[in-house]
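Data first, discussion second: the structure below is written as structure tokens.
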Protein chains: 2
Amino acid sequence: MTSDADKALDKAVEVLRLDRQLCFALYSAANRVTRLYRPLLDALGLTYPQYLAMLVLWEHSPRTVGEMGQALDLESSTLTPLLKRLEGAGLIVRSRDPDDERRVIISLTDAGDAMRDQALGVAEQFFCKLDTPLPELVDLRERLKRLAV
Amino acid sequence: MTSDADKALDKAVEVLRLDRQLCFALYSAANRVTRLYRPLLDALGLTYPQYLAMLVLWEHSPRTVGEMGQALDLESSTLTPLLKRLEGAGLIVRSRDPDDERRVIISLTDAGDAMRDQALGVAEQFFCKLDTPLPELVDLRERLKRLAV
DNA sequence: AACGATTTAATCGCGTACGATATAACTTCA
DNA sequence: TGAAGTTATATCGTACGCGATTAAATCGTT
């Protein structure tokens, strides 16, 4: 016969199995994708989060730090150092908004704008590396967007 | 009329839109989930990656650093400092394998083992926070496992 | 036995993430 | 108008994540 304590332990063992955890599948997939991007982005001298920041700016520049934080769901404590590095790389310029000196405006430089074409190549190479049908990727993307919003 | 350069730009703008990027959906969802776990794990004094390491050990202890790295898909450069912190917290013990002095064996302490029950509560609270039907979560999990393996 | 190759962890440096806090600029409203 | 409240970034400390490198132990082959 099995005690209540044993049954509770069995339940814990089952529920907590790593392969049952959505959180781990997500964490692990995110790490894998970052690793997959790394060699592609090395050619541009960008890290993966820096690439995401550039995506935001290629969509629309200039943007304030706050707007970028909202788009990327990141705090200023993460963005500020990242943007300083992009500025150091000559891809963006940071300047105070004359209309509201609290705001910092991020603008693409010509070099930053020119990198867009190479980025297109990166996106295509990444798609090839994934080797997954596009509909499956689109479906996964939309499910992820809905998660924990 | 539209020039070839304009068409190429239009294509780049479309393809590179942030909301079209699986990579960003994944990155962002992973960050959100970590943030969602944080207040729950604060009660246990664990970070999110530390919680994942404990999940591995609750499944089966002792394990070598290498086995844990394989389970979690992490390098020793990530795991070693993390495990030292868990040891500092009294949840695990690190010891060299007498049969092969290269290996380091990670064992749960009684305190580490006892934390399993609280972890079960965390997993349940997280599920409530997500507020998503279980089948949807299972489906998402399996899709994530298949991605970029 | 012995020496080169391999395996296992650890160390180091860099770049995130983020909570807590600080600081400066704007807004409100008494 | 001026003090209190709010907002927009920046700074700091902690903890990852990983590539590159190192150090030690083991293995394979002769």
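Just so you know, these numbers use all the heavy atoms, side chains as well, and skip hydrogens, waters and symmetry mates. The sequence lines fix the lettering, A, B, ..., with proteins before strands; numbering per chain opens at 1.
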### Query
Does A/R63 use its side chain to pair, donor to acceptor, with the backbone of A/L57 at less than 3.5 Å?
no

### Task
Classify the nucleic acid contact of A/L74 as base, sugar-phosphate or nothing, counting any heavy atom under 4.0 Å across all strands shown.
sugar-phosphate

### Query
Among B/Y51, B/Y37, B/Y48, whose ring pair (Phe, Tyr, Trp, His ring centres under 6.0 Å) with B/F126 holds?
B/Y37

### Message
Between A/Y27 and D/dG17, is there a contact of a side-chain N or O with OP1 or OP2 at under 4.0 Å?
### Response
yes

#### Entry: Rounded distance (Å) that lies between atom P of D/dC16 and atom CE of B/M54
13 Å

### Message
Taking B/K145 first and then B/E142, would you say they form a salt bridge - that is, a charged N and a carboxylate O separated by under 4.0 Å?
### Response
yes

### Summary
Whole-Å distance, A/E75 CD to D/dA8 C1', equals 12 Å

### Task
Compare side-chain N and O positions of A/R85 against OP1 and OP2 of C/dC14 and report whether any pair is under 4.0 Å apart.
no

### Task
Could you tell me the separation between the CD atom of B/E67 and the P atom of C/dT7, rounded to a whole number of Å?
16 Å

### Query
Nearest nucleotide by nearest heavy atom, which residue falls closer to the 5' end of DNA chain C, A/P81 or A/R102?
A/P81

### Message
So for atom CG, which belongs to B/D110, do other residues, nucleotides or ligands contribute more than 12 heavy atoms lying within a distance under 6.0 Å?
### Response
no

### Phosphate contact (C/dT16 OP1 or OP2) by A/K84 side-chain N/O below 4.0 Å
no

### Query
How long is the line joining CG of A/D97 and P of D/dT7, in whole Å?
17 Å

### Message
Show the nearest heavy-atom pair for residues A/P62 and A/I105, with the distance to one decimal.
### Response
CB-CG2, 3.4 Å

### Query
Hey, does A/T64 reach any base, or is it just sugar-phosphate, or nothing, if we go heavy atoms under 4.0 Å?
sugar-phosphate

### Query
Across the strands shown, which category fits A/R96 at heavy-atom distances under 4.0 angstrom: base, sugar-phosphate, nothing?
sugar-phosphate

### Message
Using a heavy-atom cut-off of 4.0 Å across all strands, would you classify A/S76 as base, sugar-phosphate, or nothing?
### Response
base

### N/O (side chain, A/T80) to phosphate O (OP1/OP2, D/dA10) under 4.0 Å
yes

### Message
Is B/T78 close enough to D/dC16 that one of its side-chain N or O atoms is under 4.0 Å from OP1 or OP2 there?
### Response
no

### Message
Has B/T132 got a side-chain atom pairing as donor or acceptor with B/L130's backbone, closer than 3.5 angstrom?
### Response
yes

### Side-chain N or O of B/R103 closer than 4.0 Å to phosphate OP1/OP2 of C/dA9
no

### Summary
To the nearest angstrom, the CG-P distance between B/D100 and D/dA25 comes to 10 Å

### Task
Tell me whether the OP1 or OP2 atom of D/dA15 has a side-chain N or O from B/Q50 closer than 4.0 Å.
no

### Task
Specify the separation, in whole Å, of atom CG of A/D42 and atom C1' of D/dG19.
10 Å

### Task
Can you tell me the distance, in whole Å, between the CZ atom of B/R38 and the P atom of C/dA20?
9 Å

### Summary
Residue pair B/L82/A/G66 against DNA chain D: nearer the 5' end by closest nucleotide is A/G66

### Query
Between A/D99 and B/S77, which has a closest nucleotide on DNA chain C that is more 5'?
B/S77

### Task
Between A/R94 and B/E101, just flag the one whose closest nucleotide in DNA chain D comes earlier from the 5' side.
A/R94

### Message
Using whole Å, what does the distance between atom P of nucleotide C/dA9 and atom CZ of B/R63 come to?
### Response
13 Å

